[in-house]
Amino acid sequence: MVKIVYVGFGIVSQGLAEIILRNNSVLPLAKNLEIQTVGILDIMKGSLIDANGIDMQKVLTNANNADYSLLSENILDIPKAIQEINADIIIEASFTDIKTGQPAISHIETALNSGKHVVTTNKGPFAIGYEHIFNLAKLKGKTLAIEGTVMSGTPIINVLNNGLLGSSITAVSGIMNGTSNYILSKMELGMSYNDALSQAQKLGYAEADPTSDVEGLDTLAKVMILANVVFDVQLIQEDIAVKGISKITLSDVKEAASNNKRWKLIGSVWKDDKSIVHGSVCPKLIPMNDSLYGILGATNALKITSNILGDTTIVGTGAGKIETGFALYNDIISIVKG
């Protein structure tokens with residue numbers, strides 16, 4: 001039996017919980033091995049710890065009605081709870097400041113130091129502390145899985161780490177935020193920015209406070225993660241130019257369409273001819289002959305440039321409760337297998 005604890009019980013964690021229930025709590029690659037939830041720790045919604053297993057069907061049924069009354073325990077010291085609870089894997093999905101990586105860094109460090117594996121979709125910790133956190137995981141002999149940090153359920157981290165062995169990557173760029181791409185796609189159909197944003201929030205693509213998505217901070221974090229994954233370089237936020245989509249108007253979108261182009265929020269990380277790594281986040285006009293032109297809705301796409309294959313574009317879902325929850329689920333399976 002694999003015992004898990006949710007740290008943060010928002011959209012992503014609920015997506016994972018739904019997937020586990022849908023699969024009757026049985027891992028498809030490890031038959032008869034049950035995933036049991038023994039803790040939910042959320043500083044806002046409340047917490048619940050039960051060593052015998054939490055009835056997640058009841059919790060999810062209530063959560064669908066915005067009722068978190070079952071999470072009746074008021075646990076303010078989350079790191080202490082992580083340390084003391086008897087569990088195998090911590091699911092870290094708390095609301096985190098992208099600029100500081102907190103409180104997720106503290107949660108992850110505590111989990112690793114107390115002998116627990118960590119699965120997370122949280123970007124902040126790895127944008128600013130990638131090397132430190134992975135070194136700690138290695139020191140403690142625990143797995144730290146971050147597949148969902150860049151393209152939700154699309155396995156881009158695994159592709160970058162294993163799929164292009166023998167080929168030297170010189171650049172990675174693309175659409176890294178499904179929410180902003182969804183908004184721009186709807187604006188092409190004549191919807192106002194505010195209405196498109198409201199619809200994205202209703203569909204669960206955007207948070208109540210969409211700043212991170214629409215102002216490029218979410219994409220910035222992913223660019224910094226990719227700099228570590230691809231080039232083993234820790235970029236500094238202040239050195240990366242960042243601009244979001246909130247100033248793009250319907251007039252801008254229509255003008256682009258008249259020229260057979262589309263606005264896309266593009267994140268890029270690349271190595272120049274002096275082997276210096278750079279990053280940027282900004283809206284760009286994409287022509288019809290570009291592989292990113294046809295990427296619509298809450299879809300992400302990364303264009304990987306390498307010395308042997310040239311440009312390889314990976315397309316996949318970039319937002320959504322179930323899609324991002326699946327990234328967590330997939331990482332759990334990987335830990336159990338290996």
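FYI, the numbering just counts along the sequence from 1. Quick caveat: nothing in here was measured; it's all calculated off a predicted structure.
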Donor-acceptor contacts, no H, no angles, side chain residues 240-249, under 3.5 Å, sequence neighbours left out:
| from | atom 1 | to | atom 2 | distance (Å) |
| --- | --- | --- | --- | --- |
| S246 | OG | E215 | OE1 | 3.4 |
| S246 | OG | E215 | OE2 | 2.6 |
| T249 | OG1 | S251 | N | 3.4 |
| T249 | OG1 | D252 | N | 3.1 |
| T249 | OG1 | D252 | OD2 | 3.1 |

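- The main-chain N or O of Y293 is found under 3.5 Å from a side-chain atom of R262 such that the two form a donor-acceptor pair.
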Considering only distance and modelled atom types, tabulate donor-acceptor pairs under 3.5 Å from the side chains of residues 125-145, sequence neighbours left out.
| from | atom 1 | to | atom 2 | distance (Å) |
| --- | --- | --- | --- | --- |
| H132 | NE2 | E109 | OE2 | 2.7 |
| N135 | ND2 | E131 | O | 3.3 |
| K142 | NZ | G115 | O | 3.4 |

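- Ion pairing of K123 with D218 is present here, as a side-chain N (NZ or NE/NH1/NH2) and a carboxylate O approach within less than 4.0 Å.
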Report task. List the steps, then state whether side chain to side chain donor-acceptor pair (under 3.5 Å) holds for H278 with D272. Result -> CA-CA 8 Å; H278 307 270; D272 64 21; 2.8 Å; yes
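- Applying the ring-ring contact (aromatic ring centres under 6.0 Å, His included) rule to pairs touching residues 81-109 yields nothing, sequence neighbours excluded.
- Counting heavy atoms from C-beta outward, D88 and M1 have side chains that stay 4.5 Å or more apart.
- In this structure, L41 and I75 have side chains that are in contact, with non-hydrogen atoms separated by less than 4.5 Å.
- In this structure, the side chains of I91 and L328 come closer than 4.5 Å at one or more pairs of heavy atoms.
- With salt bridges taken as basic N to acidic carboxylate O contacts below 4.0 Å, one links K303 and D290.
- The closest donor-acceptor contact from the side chain of E147 to the backbone of I156 lies under 3.5 Å.
- Using modelled atom types, no side-chain atom of E188 and backbone atom of V253 make a donor-acceptor pair closer than 3.5 Å.
- Within the 3.5 Å criterion, the main-chain N or O of S69 finds no donor-acceptor partner in the side chain of S72.
- In this structure, K45 forms no cation-pi arrangement with F9, as its terminal cationic atom is not both closer than 6.0 Å to the ring centre and no more than 45° off the ring axis.
- Judged purely by atom type and a 3.5 angstrom limit, S258 uses its side chain to pair as donor or acceptor with the backbone of E255.
- A donor-acceptor pair under 3.5 Å is formed between the side chain of N122 and the backbone N or O of S94.
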